[in-house]
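Take a look at the structure set out below.
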Amino acid sequence: MKTIKCLFAFTFALLCFSCDNTTKDTGTTIGSLHISSATPTPGDSLHLSYATTAKKEDINAFYYYTVGYKQYPVDLNLSKADSLYKASIVIPDSAIAIAFNFKNKKDFDTNNNKGYLLPLTNSNGDTLAGAMASLANFKLRMGANLGLDVDKKEAYKEMSSDVLSHKEIQKDWDVVFPRTFMAEDKTEAENYIKERIATYSNNTNLTEQDYRNLNSLYQTLGEKSKTDSLQLVMEEKFPTGTNAQQKAWATFYKEQDYEKQKQLYTKFKEVFGEKSKIKDYMVTRLAAKAIENGNKEEYVQLMSQVTDKNMLPSSYNSLAWSYAEKGENLDFAAEISKKSLELTKNAINNPEEKPAYSTKSQYIDNMKSSYNMYADTYALIKFKQGEIDEAISYQKEAIAEGKDPELNERYIMFLSEGKQYDTVLKEAAKFIEEGNTTAKINDYYKKAYITQNGSENGFEEKLKALEKVGHQKLVAKTKEEMINEKPKNFRLKNLEGETVELASLKGKIVILDFWATWCGPCKASFPGMQKAVDKYKDNKNVVFLFVDTMESGDYETRSKLAGDFVKNNNYSFQVVVDNPVKEGSREYQVASNFEVTGIPTKVIIGPDGNIKFVSVGYSGSTDKLVKELSLKIDLLNS
């Protein structure tokens with residue numbers, strides 16, 4: 001018995017020794033982020049700890065999980081625990097990599113430009129095939145938006161290495177990788193594409209997606225006859241497939257006769273069913289035609305057939321706003337405008353049908369912003385209908401935090417028309433003091449001041465004091481937005497055929513306005529840009545360059561489009577024409593170098609030759625545009 005006891009004790013000791021020496025996954029730390037597992041797999045639960053001194057209300061945290069070349073964002077719900085912020089997530093089973101993002105107010109934590117990127121692994125701890133390619137693609141597509149300065153050559157190499165090393169994933173990358181490969185190494189890419197084409201050609205049981213992949217490969221090689229032939233094959237083999245739907249849409253789009261369009265729409269529904277996105281595009285186009293024909297009842301009936309309810313509010317608001325501006329069909333405008341508000345409010349309260357490219361919180365924020373815009377429309381309609389109190393109520397919602405001078409102006413106008421002078425004095429003073437005013441707001445403020453005080457005595461002093469505070473706040477805010485980044489030099493031709501080189505303009509303030517003739521917001525901003533150009537036309541230290549980019553056609557076509565537009569609208573702009581990185585490419589050299597992903601984008605370069613300000617989009621206010629540009633230019637000039 002003693003021997004047995006000793007053996008048992010020895011065995012137990014061995015077991016304990018073994019347990020104590022088992023390697024445990026204690027997680028991994030990336031910059032300020034600790035992740036509970038160093039080798040997470042799809043489906044795992046992860047616990048996160050993020051170290052920052054930022055306030056919780058200033059942090060916006062979310063992550064992307066990647067599936068092949070696609071990315072899907074998800075909110076991170078942080079909770080404060082001592083000096084750390086913590087969160088837990090469950091990795092989707094389809095994911096192959098994760099990219100965490102932490103934003104403090106307007107600035108992303110880029111982890112010294114490395115990002116918070118994590119490839120997933122299999123059960124053996126080996127990195128999943130395609131994970132590194134997926135992260136490389138993520139950096140190329142999303143990096144600039146997330147504050148990362150991406151080394152494109154290095155990202156191309158990472159993608160190539162992964163895809164070329166794993167034949168089992170190449171099919172999943174046939175739409176994206178070959179185009180990227182062509183930009184990196186044309187000869188090797190062509191050989192690779194031919195191998196991929198041979199793989200499909202040897203398969204006698206191709207799906208529609210296989211054919212679409214094959215079509216994309218031929219497109220990358222520029223073999224139009226092959227793509228034309230494949231289109232016919234897909235139409236025959238898959239009469240209700242994606243390609244057939246797109247062809248039906250092209251036929252519908254080209255048709256000008258309304259009755260024939262309706263017939264094509266009816267046929268489309270019979271063949272492809274009710275749930276196609278293309279069906280919704282068709283019916284909204286028909287509805288627009290119905291309005292052109294003055295048939296409101298048919299418009300309402302057609303819009304009721306839209307399946308994707310996210311499409312409706314914007315369509316309703318666009319039509320309602322056009323009526324509101326003209327003061328026409330106000331009853332009908334009020335009806336559809338109210339629908340846009342109800343649908344948007346419902347989307348805010350029930351965000352489950354959000355698009356895949358937004359997190360839930362991003363979607364709600366976007367819907368709230370849209371609601372404010374639609375409330376502005378409804379308020380103007382109510383004002384023109386003589387219902388002042390309701391107009392004031394909705395405009396108060398529309399102004400939100402009061403940062404849009406144009407919306408503020410309408411609010412003050414409605415209050416003034418409603419003779420609510422005490423409120424005019426209070427609200428107008430607030431807008432002026434915050435720098436979110438217009439000349440008309442100042443006029444309404446003066447009228448209210450005189451009405452309430454019996455004279456304008458003391459008004460100018462009060463207005464100047466408020467404007468001084470407003471200017472100081474705008475200066476402080478603008479200084480916070482200032483950056484200091486070195487731009488890449490460029491040499492582009494202007495419309496006269498002369499070469500303009502950025503480096504030669506060092507010592508001057510240079511405003512680059514990236515635009516295209518097809519860009520509505522770009523063109524809408526141009527009256528304001530002309531005012532800014534006129535304001536500084538005699539200042540030799542200020543140069544405006546309007547960079548026409550992302551324009552289709554060869555150089556001569558692009559130059560003519562830009563030149564004709566500027567000439568026909570009497571703009572005194574110096575236009576330079578951007579060039580594609582290679583013929584036929586959708587990527588343009590200077591826009592790419594300045595990381596311009598959307599237009600209009602304005603880049604302001606200081607006298608030291610460094611980028612000082614970048615702004616994207618157009619607010620819709622000419623006065624605001626000129627004011628903000630002038631402030632930035634004057635700051636750099638001081």
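Screening residues 607-635 for ring pair (Phe, Tyr, Trp, His ring centres under 6.0 Å) gives no qualifying pairs among residues at least two apart or on separate chains. For residues 360-377, the salt bridge (charged side-chain N to carboxylate O under 4.0 Å, His left out) pairs, not counting sequence neighbours, are Asp376-Arg410.
You'll find the ring centres of Tyr85 and Phe102 outside the 6.0 Å limit. Between Phe526 and Phe546, the distance separating the two ring centers is shorter than 6.0 angstrom. For Trp515 and Phe565, the gap between ring centers is short of 6.0 Å.
Atom CG of Asn349 sits in a crowded spot, with more than 12 heavy atoms from other residues, nucleotides or ligands closer than 6.0 Å. Lys486 NZ: 12 or fewer foreign heavy atoms inside a 6.0 Å radius. The local environment of NZ in Lys477 is sparse, with at most 12 non-hydrogen atoms from other residues, nucleotides or ligands closer than 6.0 Å. No more than 12 heavy atoms of other residues, nucleotides or ligands sit less than 6.0 Å from atom NZ of Lys403.
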Residue pair Trp173, Asp162: steps toward the side-chain contact (heavy atoms from CB on, under 4.5 Å) verdict: CA-CA 11 Å; Trp173 285 85; Asp162 199 1; over 6 Å; no
Salt bridge (charged side-chain N to carboxylate O under 4.0 Å, His left out) for Glu342 and Lys339? Distances and angles first, verdict last. CA-CA 5 Å; Glu342 290 167 352; Lys339 284 183 179 179; over 6 Å; no
Before giving the answer on side-chain hydrogen bond (donor to acceptor under 3.5 Å, both in side chains), spell out for Thr377 and Asn317 the whole-Å C-alpha distance, their side-chain angles and the decisive distance to 0.1 Å. CA-CA 7 Å; Thr377 301; Asn317 181 71; 2.7 Å; yes
Test Lys114 against Ile30 for side-chain contact (heavy atoms from CB on, under 4.5 Å), laying out the working first. CA-CA 9 Å; Lys114 298 173 187 174; Ile30 308 174; over 6 Å; no
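Between the side chains of Gln530 and Asp534, at least one donor N or O lies within less than 3.5 Å of an accepting N or O. In the model, Tyr536 has no side-chain atom that pairs as donor or acceptor with a side-chain atom of Asn637 under 3.5 Å. Between the side chains of Thr622 and Lys531, no donor-acceptor pair of N or O atoms lies under 3.5 Å. Neither side chain, Asp548 nor Tyr588, offers a donor N or O lying under 3.5 Å from an acceptor on the other. Side-chain contact, Asp75 with Ser361: a donor N or O sits under 3.5 Å from an acceptor N or O.
When each of Thr110, Asn101, Asp109 is checked for a side-chain hydrogen bond (donor to acceptor under 3.5 Å, both in side chains) with Tyr116, only Asp109 meets the rule.
Counting only distance, with no hydrogens or angles, the side chain of Thr121 and the backbone of Pro40 share a donor-acceptor pair below 3.5 Å. Put simply, the side chain of Asp58 never gets that close to the backbone of Asn104: no donor and acceptor are under 3.5 Å apart. Under a 3.5 Å cut-off, the side chain of Ser134 and the backbone N or O of Gly68 do form a donor-acceptor pair. Under a 3.5 Å cut-off, the side chain of Lys508 and the backbone N or O of Lys540 do form a donor-acceptor pair. Formation of a donor-acceptor pair under 3.5 Å by the Ser340 side chain with backbone atoms of Ser337 is found in this model.
Remark: Arg491 CZ to Gln589 CD distance equals 12.0 Å, nearest 0.5 Å. Distance NZ/Lys157 to NZ/Lys153: 8.0 Å, rounded to 0.5 Å. Between Lys396 atom NZ and Glu427 atom CD the span is 6.5 Å, to the nearest 0.5 Å.
With respect to Glu587 and Lys152, a salt bridge is recorded, a charged nitrogen being found less than 4.0 Å from a carboxylate O. In summary, Lys139 and Glu158 engage in a salt bridge, as defined by a charged side-chain N under 4.0 Å from a carboxylate O.
For the pair Lys535/Ile633, no side-chain contact is recorded, criterion being any heavy-atom separation below 4.5 Å from C-beta on. Looking at heavy atoms from C-beta onward, Asp149 lies in side-chain contact with Glu595 at the 4.5 angstrom threshold.
Qualifying side-chain hydrogen bond (donor to acceptor under 3.5 Å, both in side chains) partners for Asn610, counting only residues two or more places apart in sequence or in other chains: Asn484.
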